[in-house]
Amino acid sequence: MKKSNLIALIAVIVAFIILAAAVCYPLIMLFGGTIIGMSIGTNAEIEIDSYRLCQDADGNDIILIKYLLKNTGDEPTALYYEGDFYVYQNGISLTEYNDEEELPKECDYNSEDKYRNIKGGVNYYAEIAYILESPDTAVEVEVHDYGFFNKKKEKTFVIS
């Protein structure tokens, strides 16, 4: 290969690298490193802990699923930002209960707990409430956490 062709090839490669960096850098900055964070995973783990039942003011059965968030990283995070939560009865997803005001005080439920930031190195329990379709049918819970391999955790609760 002639020296002039080699120099031209090197110039094209360098120009391509500069162009790629110029296009990618603003995107990475725009998303605040989210792309990188999603590709390498997070430093938090979620466990499905337990459940409890209560009723709203209209007599609807409510199940409160308790999750444990373990923040093993340095940055604050919240339960709801670390995974996707699915709760099923007979293979059909349950509706998340969003009206905290109607739950009696005996239920001791705070819907904002799932958004509460916790510092690195802290473990925190939070609950998410769902409307039960059938008070005597098993409830299947799945969590797809946003870790490196999108870990899926499952647990079935037999309602008694």
> Quick check: does any side chain N or O of Lys155 sit under 3.5 Å from a backbone N or O of Asp49, one acting as donor and the other as acceptor?
Replying inline: yes

> Okay, side chain of Glu82, backbone of Ala44: is any donor-acceptor separation there less than 3.5 Å?
Replying inline: no

Partner set under salt bridge (charged side-chain N to carboxylate O under 4.0 Å, His left out) for [X], not counting sequence neighbours:
X	value
Glu133	none
Glu75	none
Lys119	none

Return the [atom1] to [atom2] distance between [X] and [Y], rounded to the nearest 0.5 Å.
X	Y	atom1	atom2	value
Thr95	Leu132	OG1	CG	11.0 Å
Arg116	Leu79	CZ	CG	12.0 Å
Ile118	Asp113	CD1	CG	11.0 Å
Asp145	Ile46	CG	CD1	5.0 Å
Ile92	Glu140	CD1	CD	11.0 Å
Ile131	Asp61	CD1	CG	10.5 Å

> Can Arg52 and Lys66 be said to form a side-chain contact (heavy atoms from CB on, under 4.5 Å), step by step?
Replying inline: CA-CA 8 Å; Arg52 60 192 179 94; Lys66 186 176 186 179; over 6 Å; no

> Mind checking whether Asn71 and Tyr124 have side chains closer than 4.5 Å, heavy atoms only?
Replying inline: no

> Are Ile128 and Val87 close enough, and set up right, to give a side-chain contact (heavy atoms from CB on, under 4.5 Å), and what steps lead you there?
Replying inline: CA-CA 10 Å; Ile128 302 175; Val87 179; over 6 Å; no

Kindly give the heavy-atom pair with the smallest separation between [X] and [Y], and that separation in Å.
X	Y	result
Glu127	Leu64	OE2-CB, 4.0 Å
Tyr51	Val158	OH-O, 3.3 Å
Ile62	Tyr97	CD1-CD1, 3.4 Å
Pro104	Gln55	CD-O, 3.0 Å
Ala78	Lys114	CB-O, 3.7 Å
Tyr146	Asp84	OH-OD1, 2.6 Å

> Within a reach of under 6.0 Å around CG of Asp74, are more than 12 heavy atoms found that belong to other residues, nucleotides or ligands?
Replying inline: no

>> Taking CG in Asp58 as the centre, count heavy atoms belonging to other residues, nucleotides or ligands within less than 6.0 Å. Is the count above 12?
In response: yes

> Leu68: which other cluster members, linking ILVMFWY side chains closer than 4.5 Å, directly or transitively?
Replying inline: Tyr125

> Residues sharing Tyr88's hydrophobic cluster, by side-chain heavy-atom contacts under 4.5 Å among ILVMFWY, directly or via others?
Replying inline: Tyr86

> Listed by chain and number, what are the ring-ring contact (aromatic ring centres under 6.0 Å, His included) partners of Tyr80, not counting sequence neighbours?
Replying inline: Phe85, Tyr115

